[in-house]
Engineer: 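Let me give you the structure first, and then I'll get to my questions.
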Amino acid sequence: MSTSSSQNGESLHDDFLQFASAPDNVVDGSVVRVHYQCSKPCQLTVEVLVSTLRKTEVVVFSRKWSSNKSHRVRRIHQVRLRLPPSIVYQHSFFNRHVLEVQNMTVCTWLKHLDNGNEPGTDHDSIVRIFKALQITPPSDRPTKPPTACPSWSAELIWKMTRSRIYQCPHESGQPPSPCHVPPLSHKR
């Protein structure tokens, strides 16, 4: 488990933050248990961040809760991760937009609520911890359960085109098709 915070999850203000349990793999519905202690009223946040080839640190899940009293006792809060289908399931008729995730991280942080004001970003946090999650390649992910029945014709088209790899004629080594050949002009 990777930790990034001051003094390994404890701050100078008697604040404490630790994962009591967190999943190793990306699974929708898995539970993260956060063990924490606040020296004064605070807000805690759990987020799941992903990076793809095009974007980094995209937030795909976020939960916040407040602790309005200062606790001298450590508490545990349980958060169920609800991840988008584009990360959890493979490409199918019901899940056509799949993200190829390069890395995924679950992180949590604690911020003090001063004078009832809303806290800023995670950069204002007193304590912050994170854990890298193992990623399942899109081809090894489960299939999304159907939510409706496709029409016969839509299902047939899907089955015929789902594994097709489109190539330009010059890349495949085949002569261009007749529709791409300019028509001959006849002189009379």
Side-chain angles (χ1 to χ4, degrees), residues 1-90 95 97-145:
M1 181 180 318
S2 301
T3 304
S4 170
S5 64
S6 58
Q7 301 179 11
N8 293 328
E10 294 189 46
S11 74
L12 301 174
H13 304 285
D14 292 329
D15 295 306
F16 174 81
L17 187 61
Q18 178 182 1
F19 288 119
S21 67
D24 291 327
N25 296 328
V26 178
V27 179
D28 186 42
S30 59
V31 174
V32 173
R33 296 178 67 214
V34 179
H35 199 189
Y36 70 96
Q37 178 180 331
C38 299
S39 61
K40 53 184 173 178
C42 64
Q43 181 183 60
L44 293 102
T45 304
V46 171
E47 283 187 348
V48 175
L49 306 169
V50 299
S51 294
T52 65
L53 290 174
R54 296 180 187 213
K55 295 182 182 179
T56 59
E57 295 189 3
V58 177
V59 177
V60 294
F61 174 86
S62 182
R63 284 290 181 274
K64 297 179 182 181
W65 72 96
S66 296
S67 180
N68 294 327
K69 298 177 184 177
S70 62
H71 302 287
R72 298 292 174 204
V73 172
R74 292 184 179 182
R75 296 177 172 257
I76 293 180
H77 188 84
Q78 189 168 293
V79 177
R80 184 170 304 278
L81 300 179
R82 291 293 176 202
L83 302 171
S86 60
I87 295 171
V88 177
Y89 300 111
Q90 64 178 260
N95 191 37
H97 303 286
V98 175
L99 288 178
E100 290 204 34
V101 176
Q102 301 299 307
N103 57 50
M104 182 177 290
T105 306
V106 61
C107 58
T108 186
W109 62 87
L110 180 149
K111 302 179 208 179
H112 286 161
L113 296 171
D114 296 322
N115 303 325
N117 293 335
E118 283 293 315
T121 64
D122 65 318
H123 302 293
D124 303 329
S125 61
I126 302 296
V127 183
R128 178 182 168 108
I129 59 172
F130 60 91
K131 179 181 180 183
L133 301 177
Q134 293 176 4
I135 299 163
T136 305
S139 60
D140 294 342
R141 297 175 191 168
T143 304
K144 183 178 180 182

Engineer: Listed by chain and number, what are the side-chain contact (heavy atoms from CB on, under 4.5 Å) partners of Pro137, not counting sequence neighbours?
Structural biologist: Ser139, Asp140
Engineer: Would you verify whether the NZ or CZ of Arg74 falls within 45 degrees of the ring axis of Tyr36 while also being under 6.0 Å from that six-membered ring's centre?
Structural biologist: no
Engineer: Which one of Gln37, His112, Lys111 satisfies the side chain to side chain donor-acceptor pair (under 3.5 Å) criterion with Asp15?
Structural biologist: His112
Engineer: Evaluate the criterion side-chain contact (heavy atoms from CB on, under 4.5 Å) for residue pair Cys38 and Arg75; output intermediate values, then yes/no.
Structural biologist: CA-CA 9 Å; Cys38 299; Arg75 296 177 172 257; over 6 Å; no
Engineer: Does some side-chain heavy atom of Tyr89 sit less than 4.5 Å from a side-chain heavy atom of Pro145?
Structural biologist: yes
Engineer: Check side-chain contact (heavy atoms from CB on, under 4.5 Å) between Ser21 and all other residues, then give those that pass, not counting sequence neighbours.
Structural biologist: Arg33
Engineer: Please tabulate, one pair per line, all N/O donor-acceptor pairs under 3.5 Å involving side-chain atoms of residues 76-84, not counting sequence neighbours.
Structural biologist:
residue, atom, partner, partner atom, Å
Arg80, NH1, Gly29, O, 2.7

Engineer: Decide yes or no for Val46 and Trp65: does some side-chain heavy atom of the first lie under 4.5 Å from some side-chain heavy atom of the second?
Structural biologist: yes
Engineer: With heavy-atom distances below 4.5 Å as the criterion, would you say the side chains of Ile129 and Val34 are in contact?
Structural biologist: no
Engineer: Please tabulate, one pair per line, all N/O donor-acceptor pairs under 3.5 Å involving side-chain atoms of residues 52-63, not counting sequence neighbours.
Structural biologist:
residue, atom, partner, partner atom, Å
Thr52, OG1, Arg54, N, 3.3
Thr52, OG1, Lys55, N, 3.1
Thr52, OG1, Lys55, O, 3.4
Ser62, OG, Glu47, OE2, 3.4

Engineer: List for me each residue that meets side-chain contact (heavy atoms from CB on, under 4.5 Å) alongside Thr143, sequence neighbours excluded, and say none if there are none.
Structural biologist: Gln90, Ser92
Engineer: Could you tell me whether the side chain of Cys107 reaches within less than 4.5 Å of the side chain of Leu49, counting heavy atoms only?
Structural biologist: yes
Engineer: Verify the ring-centre separation between His35 and Phe19: is it less than 6.0 angstrom?
Structural biologist: no
Engineer: Can you list every side chain to side chain donor-acceptor pair (under 3.5 Å) pair that touches residues 22-32, not counting sequence neighbours?
Structural biologist: Asp24-Lys131
Engineer: Of the non-hydrogen atoms in Met104 and Ile135, which two are nearest, and what is the gap between them?
Structural biologist: N-CD1, 3.7 Å
Engineer: Looking at every heavy atom in both Leu17 and Leu110, which two are closest together, and how far apart are they?
Structural biologist: CD2-N, 3.9 Å
